[in-house]
Amino acid sequence: MNDDQSLRQDLDPQSDHSSDYLPHHPHHPSHPLQPQQQPQPQPRRPRGFAATAAGSVGPTSPSTPTTNKGKREREREKERTKLRERLRRSITSRMLAGLRQYGNFPLPARADMNDVLAALAREAGWVVEADGTTYRQSPPPSQIAMGMRSVESPVSSGVRATKSLECHPPHNPSSVVRIDESLSPASLDSVVIAERDTTKNEKFSSGGSPINSVEADQLMQDLPIRPGNHGIGTTAFSTPNPYVPLYVTLATGFINNYCQLVDPEGLRQELTHMQSLSVDGVVVDCWWGIVEGWSPQKYVWSGYRGLFNILREFKFKLQVVMAFHEYGRSESGEALIPLPQWILEIGKENQDIFFTDREGRRNTECLSWGIDKERVLHGRTGVEVYFDFMRSFRTEFDDLFAEGLISAVEIGLGSSGELKYPSFSGRMGWRYPGVGEFQCYDRYLQQSLRRAAKLRGHSFWARGPDNAGEYNSRPHETGFFCERGDYDSYYGRFFLHWYAQSLIDHADNVLSLASLAFDETKIIVKVPAVYWWYKTSSHAAELTSGYYNPTNQDGYSPVFEVLKKHSVTVKFVCSGLHISSQDNDEALADPEGLSWQVMALAHAPSL
């Protein structure tokens, strides 16, 4: 066998010797250098909707276990749940945006569907408590007019009355805030008849009867549930049909500026007429400008002593008002009852004790809150002057407190005796529905603003807004109050918070001392209903009056926390009963929406 034959025999697969050499051939499948054949990969198990489609055709392979069918169903349900949640969140987001923008609902930033349901339920007249308990206890919003609608009082055909609400939650009687607003006489449990025109004293001018020329804007006491009446109220449920006390505000002119009782016989005739109408008590203003009118800490109560003695003869209950503001204006422009003369003398030398607008005009209706803790009143601070006056009254009439003749004391906290800045002053030219002006340009409030700005780290913020318009501007005419205006900028939020906090601090300081002076006596505070421009995003009129309540901020909550802290009764005063509905529409007013916001806060338990 030659060499070529040997080689062919070695390579021949059929050769007897081929088995000895084939494993070493580099191209043989069994050769170590030849890559091994890889196993076929298993197909991926479909998930979600793919699993559903695959399941409808059949199993991917005969070896797939039947248990995979349950897993596919679970995956399918998960996908459906995710889709439903995304849809829910989308709908909720649109609802929240619409309610905030167009309905002025004070919804929290991270509100959920529960918050939406609660807000809508309250709008429809239901009461929703913090734990979700919901019950029908109030009439629909169409029955509430917040002073825009009036009802006849049994006192006389010329008298209109509003209703009282005592708004502390049933489960928390220690947290007391009461609200006044308007409903039908069927749900009234206490009525306070107030004077119609605070700018003109009937007794000074015409001597007419104060009863025939009065208008109600206040009510008090408990409002229970009665059979067949779904009135608003959360107290005295166990006593249906309780007695309803009626209070009438006495004309101011019975006490002159020298604290002398004027026309006692005429007073007795008026009281006799009230008695024939089954009136239970009267409201009497005790004016700071009369009692301490001439010298500091020289209090003259003689006229009020004679007045109260006559009221005692008629067995009338008494509610007194600590009036720390001026009263009315004569035709010559002078105040009928000004602030004390010694205060006005200080004001001639230091005009910064009064509220001041951006143009530097001083408002002498009441003292600036900037001097609450400044010793500029002959060595006393503002709150010390108020406390000394209240303590003098408590000491002078201790016998009336002991007899229970004095049922409540109202504390004046600002312009018109209400807790607000004097931002809507008629003497400054304001007319409804102007936005008003900020009243923070006196030296002492400016010092407070500078301290707050420095503490915040932005000293250049120590200024009032320069684009907020003037008293009679409309929100859209200003750069500060317009849609997406500066009120919602970093500076705007800082300034408005400081401005509102000054109001809250003033209320807290004065009420703390009032609680000391009138221990165990009901204390009343007036809160104004600033309802015009309520349907705008900025709520401009509320901002200038001291309530930081735009659509993205709850401005009444911190105020009511202070009022609940001191367990006061709130008179929610709605002025402007003569304003037409057309004017309110043009002013984007919403007294009903404001009333529901305030009532919800009064119902809410303290934090």
Side-chain angles (χ1 to χ4, degrees), residues 252 255 257-261 282-309 311-312 317-327 337-344 346 353 366-414 417-419 505-526 562-563 565-569 571:
T252 303
I255 302 293
N257 286 7
Y258 299 94
C259 202
Q260 298 171 339
L261 180 61
V282 297
V283 180
V284 176
D285 295 301
C286 294
W287 295 96
W288 180 36
I290 291 178
V291 176
E292 197 183 359
W294 306 101
S295 300
Q297 295 183 288
K298 300 295 183 180
Y299 305 101
V300 180
W301 297 102
S302 56
Y304 286 103
R305 171 60 74 177
L307 173 61
F308 295 161
N309 286 338
L311 293 175
R312 178 188 283 166
K317 290 288 185 179
L318 179 61
Q319 295 174 8
V320 295
V321 180
M322 302 287 101
F324 296 112
H325 60 285
E326 70 175 30
Y327 172 79
I337 301 178
L339 296 183
Q341 293 298 317
W342 60 275
I343 289 287
L344 297 179
I346 295 175
I353 67 174
C366 58
L367 294 179
S368 168
W369 301 334
I371 65 170
D372 278 357
K373 296 185 178 181
E374 299 287 342
R375 296 190 176 278
V376 295
L377 305 177
H378 290 318
R380 292 187 294 167
T381 66
V383 292
E384 288 175 347
V385 168
Y386 304 141
F387 177 65
D388 290 343
F389 182 84
M390 293 185 287
R391 183 172 56 182
S392 173
F393 177 86
R394 181 64 178 81
T395 303
E396 177 69 24
F397 298 105
D398 182 69
D399 55 326
L400 302 184
F401 283 96
E403 295 175 15
L405 185 68
I406 298 178
S407 60
V409 178
E410 179 181 315
I411 309 299
L413 291 176
E418 303 168 9
L419 182 56
D505 291 342
H506 173 72
D508 193 18
N509 293 333
V510 177
L511 291 177
S512 296
L513 297 178
S515 299
L516 293 176
F518 303 113
D519 187 28
E520 298 182 356
T521 301
K522 180 187 294 183
I523 295 178
I524 304 167
V525 170
K526 281 184 179 180
V562 170
L563 301 181
K565 169 185 172 183
H566 299 287
S567 298
V568 304
T569 298
K571 287 185 180 179

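Not measured: the values here are computed from a predicted model.
- In terms of modelled atom types and a separation under 3.5 Å, the side chain of Ser368 and the main chain of Ile353 share no donor-acceptor contact.
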Check: Going through the checks in order, is the side-chain contact (heavy atoms from CB on, under 4.5 Å) test met by Leu367 and Phe324?
Finding: CA-CA 8 Å; Leu367 294 179; Phe324 296 112; over 6 Å; no

Next item on the list: Mind running side-chain contact (heavy atoms from CB on, under 4.5 Å) on Leu516 and Arg391 for me, showing each step along the way?
Entry: CA-CA 9 Å; Leu516 293 176; Arg391 183 172 56 182; over 6 Å; no

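- Nearest approach of Trp342 to Glu292, heavy atoms of both residues: NE1-O, 2.8 Å.
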Margin query: Does Gln260 form a side-chain contact (heavy atoms from CB on, under 4.5 Å) with Ser302? I'd like the steps, not just the answer.
Written below: CA-CA 7 Å; Gln260 298 171 339; Ser302 56; 5.6 Å; no

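- Under the rule for a ring-ring contact (aromatic ring centres under 6.0 Å, His included), the partners of Phe308 that lie at least two apart in sequence or sit in another chain are Phe397.
- When all heavy atoms are compared, the tightest approach of Leu344 to Leu339 is CD1-O, 3.9 Å.
- Ion pair Arg312/Asp399 flagged as a salt bridge, since at least one NZ, NE, NH1 or NH2 atom sits closer than 4.0 Å to an Asp/Glu carboxylate oxygen.
- Not one N or O on the side chain of His566 forms a donor-acceptor pair closer than 3.5 Å with the backbone of Ser515.
- Side-chain contact between Asp388 and Arg380 is present, with at least one heavy-atom pair separated by less than 4.5 Å.
- Contact annotation: the side chain of Asn509 approaches that of Lys373 to within less than 4.5 Å [non-hydrogen atoms, C-beta and beyond].
- Counting heavy atoms from C-beta outward, Thr252 and Trp287 have side chains that approach closer than 4.5 Å.
- The minimum heavy-atom distance between Gly417 and Lys526, with the atom names listed, is O-CB, 3.9 Å.
- Arg305 places a side-chain N or O within 3.5 Å of a backbone atom of Glu396 that can act as its donor or acceptor partner.
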Item checked: Residue pair Tyr304, Phe393: steps toward the ring-ring contact (aromatic ring centres under 6.0 Å, His included) verdict -> CA-CA 10 Å; Tyr304 286 103; Phe393 177 86; 8.0 Å; no

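- For the residue pair Glu384 and Gly379, the shortest heavy atom distance occurs at OE1-O, 4.3 Å.
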Margin query: Before you tell me yes or no, could you show the steps for Gln319 and Lys522 under side-chain contact (heavy atoms from CB on, under 4.5 Å), namely the whole-Å CA-CA distance, both residues' side-chain angles and the distance that decides it to 0.1 Å?
Written below: CA-CA 10 Å; Gln319 295 174 8; Lys522 180 187 294 183; over 6 Å; no

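- When the options Leu513, Val510, Ile411 are evaluated for a side chain to side chain contact (heavy atoms under 4.5 Å, CB included) with Tyr386, the one that passes is Val510.
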